[in-house]
Amino acid sequence: MDTARHGASTENRHRRLFVYNGGFVTQSRVRRILSLAGYDIRLGLPGPGDMVGIWGNSPTAHRGRRVAERRKTPLVHVEDAFLRSIRPGRDGAPPLGLVLDRAGPHFDPSRPSDLERLLAGAALDDTALLDRARAAILRLREGHISKYNAYDPLQQGPDPGYVLVIDQTRDDAAVRASGGDDALFREMLVFAQEEHPGARVIIKSHPETTAGHRGGYYSARDTNHRVELCTDPISPWTLLEGAVGVYTLSSQLGFEAILAGHKPRVFGQPFYAGWGLTQDQTPVARRTRSLTRAQLFTAAMILYPTWYDPFQDRLCEIETVLDMLEARTRAWRQDNRGWTASGISLWKRRTMQRMFGQQHPVRFIKTAPRDTSRPHMVWASRSAPDLVATRVEDGFLRSRGLGAALVPPLSLVVDDLGIYYDPTRPSRLEQLITQRARLRTDQRHRAERLRASVVQSGLSKYNQGGETRVLPTGHRILIPGQVEDDASIKRGAGSVRTNSALLQAVRAANPDAVLIYKPHPDVEARLRPGRIPADLADAVVTQTDPAQLLDAVNEVWTMTSLLGFEALLRGLPVTTLGAPFYAGWGLTTDLGDVPARRTARPDIAGLVHAALIDYPRYLDPLTGQICPPEVVVARLTTGPMPRPGVMNRGLSKLQGLFASQAHLWRRGPRP
């Protein structure tokens, strides 16, 4: 990462930054970003070589300006970056980045800011940077990501064909800097109506006004038969898509309107005005350069901000911020109405609350509710086929330890159509795999990096480690055992439904091969049924790391085991006798009956993107926050993991005892 782009360079490492606003001291996230950017927050009076930090044009900024002027000390203007959080900062959400400007606030046109200098003079013709900008713009639009993100993209906007007028918070520094007042906002509304005769006008309230934090310039008094006030939490991208014109004073939504393909009418002088992408009511005479959307984005969103990764506690690039916001916004939007849940074991409920109850506590009930104000979720294996509910299951990068041993998961999959292991009906994962048959370059690169990290780190579902085994020589086929009463066998296996039958089928098809059988970890731990006679395989390997085994074999045959997916990640040939989620897409040899609806032909990167990025939800065990998969990969590789408590360990032993007794009862006495 180019640290100079993030406000840090060798010349201002540990440079003292004197501040006179309590927020610099009390907001730990702001302090940390400034520290990583090379600034040492101090109180008192600056000396030679020091700097003074002020927050934009806040009510306390005059203190810092006065000290800087008297002490002849340079200023650093600090503001939130243009992608911030789910909710506004006044709701307590910390920022994901800052802009640190030594020349002036980016929203103040009275003098050029560092951002304006970038826009006016930087080369902005680097192909790699512009490609990153175009990809990030697409991610913002597709993910409905904005500065604040507390809205549901599925909520419909007004019927298309309206003019969008953007309100702002009253007396905001960005409004004052552009000379904004009630009269100018009234004038903007008049222009919108006159320049679009007969069209409806939608006034979009600011999120902080809607939340009751600060007033705006428009209210219900401004509405009439043509003018409506929109206070609903509708995605800005949805509103921009339906608009035939956009009017703004200096709102960031005007910048996003440019990214959405509009040429907004601008009545103030925000940073994005004057570059040939806006219709300017009051042009800034010194801004004469013409830029493309990608160039504007490159300067404003890639080169200018200081982005922060709270999971790794380091500065980062915008792509990492988008990874985080995509994961967080998807979870927020799914959880916003709260959940009821049934079929959830007692020991799983704490994890379910951490994973799904961060906005509203999950209500655990015995059966499906009559009240439909909240969506309902159910543990997939305990769900009736005809139940209308969202099904939940463990994810594919689960934990460091077994679920049967009651080790909590770091990932869960949420499926509103079916569940990934049930091929008898469509699942959300199937739809995602179909969509990822074609990937953008940035999506492909991310999937390939994630796949490489998983493989190089030797990760699998449970990550228990194990001993290295010396295997017989020859053409080795790895056969993963499964839990024979598992839901994936009941729903997804074909005519071969037991581990013994699987081994016999592989032997019949490969009489000269060396068959390496790995029992399922739950079976090894005697927690679940599925043991086989010892003479069916050439080698039975126990207490062995599956990733090491995959490095030592030539191919994998399986019914529906996730180990087949893990083999595909490593480039191994995989033959399936059932219909696991990764079969039927042209990536495996399929001897079972796979659904005819699986007609798309993704490559491995597309499968990885769908199965490891799009489908699961991940929880960082250190911060307790929803995170992207890259964070969980890092934690599973090197980070400390939560351990089940004494009660969980006792419950797991009882569970294993009951499972063993039940299996013996089903088999009956031996002859």
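Residues take their numbers from the sequence shown, with the count starting at 1.
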Salt bridge Glu241-Arg141, side-chain N to carboxylate O under 4.0 Å: no
Distance-only donor-acceptor check, side chains His213 and Asp91, under 3.5 Å: yes
Backbone of Phe18 reached by a side-chain donor or acceptor of Arg42 within 3.5 Å: no
Leu34 vs Leu98 side-chain heavy atoms within contact, under 4.5 Å: yes
Pair Trp307-Glu317, side-chain donor/acceptor within less than 3.5 Å: no
CZ on Phe191 to CD on Gln281, rounded to 0.5 Å: 4.5 Å
Smallest separation among heavy atoms of Met324 and Pro310, with atom names: SD-CD, 3.4 Å
Selection residues 214-224 - residue pairs positive for side-chain hydrogen bond (donor to acceptor under 3.5 Å, both in side chains), sequence neighbours left out: Thr169-Arg214, Asp172-Arg214, Arg186-Asp222, Glu208-Arg214
Contact check, side chains of Val19 and Val52, non-hydrogen atoms, under 4.5 Å: no
Lys/Arg-Asp/Glu bridge criterion (N-O < 4.0 Å) met for Arg31, Asp40: no
Heavy-atom closest pair, residues Ala61 and Ile54: O-CG2, 3.7 Å
Residue pair Tyr304 / Asp101, side-chain donor-acceptor N/O under 3.5 Å: yes
For the student: nearest non-hydrogen atoms of Leu36 and Arg314, plus distance: CD1-CA, 3.8 Å
Within-4.5 Å side-chain heavy-atom neighbours: Pro233 and Gln155: yes
Asp152 and Arg337 ion-paired at < 4.0 Å: no
Arg32 with Asp313: basic N within carboxylate O range, under 4.0 Å: yes
Closest approach of Pro408 to Thr351 (non-hydrogen atoms, all atoms of both residues): CB-OG1, 3.4 Å
By side chain to side chain contact (heavy atoms under 4.5 Å, CB included) - contacts of Ala192 (at least two apart): Val163, Val165, Tyr247
Which residues share a salt bridge (charged side-chain N to carboxylate O under 4.0 Å, His left out) with Glu256, sequence neighbours left out: none
Arg436 side-chain N/O to Gln443 backbone N/O, donor-acceptor pair under 3.5 Å: no
Expected output: side-chain Ser85 to main-chain Pro88 donor-acceptor under 3.5 Å: no
Salt bridge present between Arg132 and Asp442 (N-O < 4.0 angstrom): no
Inter-residue atom distance Arg328.CZ - Cys627.SG, 0.5 Å rounding: 9.0 Å
Donor-acceptor contact present, side-chain Arg333 to main-chain Tyr151, <3.5 Å: yes
Asp181 and Arg176: CA distance, side-chain angles, deciding distance, salt bridge (Lys or Arg N to Asp or Glu O under 4.0 Å) verdict: CA-CA 7 Å; Asp181 56 16; Arg176 295 198 307 270; over 6 Å; no
Donor-acceptor pair, side chain of Arg84 and main chain of Ala93, under 3.5 angstrom: yes
Straight-line distance of His360 NE2 to Gln353 CD, nearest 0.5 Å: 12.0 Å
Ser58 OG to Asn21 CG distance, which is reported to the nearest 0.5 Å: 5.0 Å
Check: Ser453 side chain, Arg449 main-chain N or O, donor-acceptor pair, under 3.5 Å: yes
Between Gln431 and Arg428: side-chain donor-acceptor atoms closer than 3.5 Å: yes
Any donor-acceptor N or O pair under 3.5 Å, side chains Gln334, Arg617: yes
Any donor-acceptor pair under 3.5 Å from Asp620 side chain to Thr623 backbone: yes
Distance in Å, Ile145 CD1 paired with Arg139 CZ, rounded so as to fall on 0.5 Å steps: 7.0 Å
ring-ring contact (aromatic ring centres under 6.0 Å, His included) against Phe271, all qualifying residues, sequence neighbours excluded: Phe82, His106, Phe255
Side chain to side chain, Phe267 and Asp280, heavy atoms closer than 4.5 Å: no
Contact summary for Leu75 and Met51, nearest pair of heavy atoms: O-CE, 4.1 Å
Val30 side chain reached by Phe24 side chain, heavy atoms, under 4.5 Å: yes
Ionic contact status for Asp182 with Arg170, cut-off 4.0 Å: yes
Over 12 foreign heavy atoms within 6.0 Å of CD, Glu187: yes
Option among Ser251, Ser178, Ser205, Ser250 that satisfies the side-chain hydrogen bond (donor to acceptor under 3.5 Å, both in side chains) test with Gln168: Ser250
Criterion side-chain contact (heavy atoms from CB on, under 4.5 Å) against Phe297, the qualifying member of Leu130, Leu291, Leu140: Leu140
Verdict with supporting geometry, Arg446 and Glu319, side-chain contact (heavy atoms from CB on, under 4.5 Å): CA-CA 10 Å; Arg446 184 184 181 192; Glu319 289 83 0; over 6 Å; no
Main-chain N/O of Leu410 paired with Ser399 side-chain donor or acceptor, under 3.5 Å: no
Residue pairs involving residues 153-177 (criterion ring pair (Phe, Tyr, Trp, His ring centres under 6.0 Å); sequence neighbours excluded): none
Validation row: Tyr308, Val321 side chains within 4.5 angstrom (heavy atoms): no
Candidate pair Tyr615 and Asp415, rule side-chain hydrogen bond (donor to acceptor under 3.5 Å, both in side chains), full reasoning: CA-CA 8 Å; Tyr615 192 46; Asp415 201 310; 2.6 Å; yes
Asp335 versus Trp339, side-chain donor and acceptor atoms under 3.5 Å: yes
Arg350 side-chain N/O to Lys348 backbone N/O, donor-acceptor pair under 3.5 Å: no
Partners passing ring-ring contact (aromatic ring centres under 6.0 Å, His included) against Phe396 (at least two apart in sequence or in another chain): Tyr420, Phe581
Reported OG1-to-CG distance for the pair Thr248 and Leu164, which is rounded to 0.5 angstrom: 9.0 Å
Non-hydrogen side-chain atoms of Tyr618 and Leu612 separated by less than 4.5 Å: yes
Non-hydrogen atoms of His262 and Arg293 that approach each other most closely: O-NH2, 3.9 Å
Flag for Ser342-His376: side-chain donor and acceptor within less than 3.5 Å: yes
Backbone of Ser235 reached by a side-chain donor or acceptor of Trp237 within 3.5 Å: no
Leu619 vs Gln358 side-chain heavy atoms within contact, under 4.5 Å: yes
